[in-house]
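Following: one structure in structure tokens, then a few remarks.
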Amino acid sequence: MNVRRRSSAAALAAIAVIGAAAAPAVAADPSPSSSPSRTAPSGLYGTTDPRYDGVWRQSLALLAQDTAGVVPSSTAVKWLTDQQCANGAFAPFRADPAADCDAKTPIDTNNTAAAVQALWAVGGHGDVVESALGWLKSVQNEDGGWGYSPGTPSDANSTSVVVGALTATETDPEKVVKDGKSPYDALLTFALPCAEDKGAGAFAFQPDKDGKLLPNADATAAGVLGALGEGLVAEAADKADAASCTDADKPTREGAAANAAAYLTATLAKDGHLVSALGGSADQPDYGNTADAVVALAAQGGAAKAAGPLAWLEKNAAKWAAESGPAAYAQLIFAAHATGTDPRDFGGTDLVEKLNATGPAPQGVAAKDTASANADEKSDEKDDDSPFGVWWFVGVCLVFGIGIGFLLSNRNKKQQP
């Protein structure tokens, strides 16, 4: 998940602010701005201007810490809960949480869904989560999906990040319906046929101005996780599944996920990573969306399917994460988790330590955190000379380019060939 590219005016503004720092997309993910214009509020992870991604990056940071066995700072968690509006929704950032939200407050589905996943994971905030879920259900579109902002047309990224919030809270997306349509029904409308000239099995973000569905790698990574009912944190599939695309008159959501995974595999084979061109510039490596793709591929077909892009990230993503901030570190932690890779030794970088250093010191570490478990597994493998390694994750959706994978991660919704 990542941040994500969206169609709203706020999303477009965010893209402009993020500029060179944006590199991905899950679902779905707002990424930090490249140049701060104000001092970051106490309790918030990252030091860049939070106006466009404060809640997103905070949510990903807390979720990544929990995934890595770290107990987040209570100050950091309170910063996130204080951002909620009375109706349950979250905006990217509210400078004065004590002031009531009004019609001008830019609440959206992506930040709300990301906050739900984070607060459910850290626990102890059932009332906040319940209120947020209630708001998400209240703004569901008639096709069963969600757009970035209430009332806007559904898109694959936003729908996927909300699906992640539903499943994370043990809510069955198939039972969350509007006019008889579920989120899965909406997602399947963005799935493209297998023919190379018709989309090669990818997901589209949403119809373009001419009503056409065009393949989009960011939406595809988010769509795989959404179709599988996975959130920003995902586990590797138990069984390896060959990358192949198979057309069907009425594809199942699992079939659509497999087709989309085949598209990602073929696209990644070209460079070993996904690419993104911003503002008409030449194609550049899209680190965040590649991390989202790693999570999607592992969730759909097993960790081995994501070995290539994962290795590329381990070799190349450290500098990007250092420049992009907490959401970027979180996306890489999700990718490590999905593939069974030690996030404390990701290509020689301790992602957990780097993430923790971007905000309030965490309260501590769980009795046996992810890193310790991975270290134990590696030790066992060495002792018995086993040829097998460990396993893995991520997500997104939104307006920018780091992130949210899935995901929120706000991604720059440009159509990719």
Side-chain angles (χ1 to χ4, degrees), residues 1-7 11-34 52-53 56 110 148 155-157 160 200 202-206 208 214-224 260 263-297 308-310 312-313 315-325 327-328 331-332 334-335 394-417:
M1 140 104 144
N2 276 245
V3 270
R4 316 286 193 232
R5 304 168 187 149
R6 303 293 182 241
S7 57
L12 295 175
I15 295 174
V17 172
I18 287 171
V26 142
D29 32 278
S31 57
S33 57
S34 58
Y52 305 110
D53 78 318
W56 180 266
N110 288 244
Y148 180 75
D155 65 74
N157 291 57
S160 294
F203 276 90
F205 172 64
Q206 62 183 185
D208 67 8
L214 301 177
N216 183 289
D218 179 23
T220 300
V224 169
Y263 170 86
L264 287 175
T265 298
T267 304
L268 285 160
K270 299 174 183 177
D271 301 297
H273 59 82
L274 298 177
V275 297
S276 176
L278 299 176
S281 62
D283 286 350
Q284 301 176 16
D286 190 335
Y287 299 88
N289 200 10
T290 299
D292 290 347
V294 164
V295 178
L297 290 174
L310 176 70
W312 183 85
L313 286 171
K315 182 179 180 180
N316 298 286
K319 181 179 179 182
W320 164 74
E323 294 174 346
S324 300
Q331 283 184 275
L332 295 177
F334 297 154
V394 94
V396 91
C397 140
L398 216 107
V399 165
F400 310 128
I402 78 178
I404 206 181
F406 5 316
L407 345 22
L408 231 254
S409 283
N410 294 325
R411 301 209 181 139
N412 188 8
K413 285 310 162 200
K414 72 177 171 69
Q415 301 295 342
Q416 299 182 3

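None of these values were measured; they are calculated from a predicted model.
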Do L332 and Y287 come close enough that some side-chain heavy atom pair is under 4.5 Å?
no
- Contact check, side chains of F205 and D218, non-hydrogen atoms, under 4.5 Å: no
Note: A291 and A335 closest approach over all heavy atoms is O-CB, 4.1 Å
Distance col, row D208:CG vs L214:CG, nearest 0.5 angstrom, shows 5.0 Å
Q206 and D155 have their tightest heavy-atom pair at NE2-CB, 3.6 Å
Heavy atoms of A321 and A328 approach each other most closely as CA-CB, 3.8 Å
Heavy-atom nearest pair, P215 first then Y263, reads CB-OH, 3.8 Å
Note: A156 and A204 closest approach over all heavy atoms is CB-O, 3.3 Å
When every non-hydrogen atom of A221 is compared with those of N289, the smallest separation belongs to CB-OD1, 4.0 Å
Just wondering, do W312 and P285 contact through their side chains at under 4.5 Å, heavy atoms?
yes
Exactly one candidate in T220, T290, D283 meets side-chain contact (heavy atoms from CB on, under 4.5 Å) with L274; the answer is T290
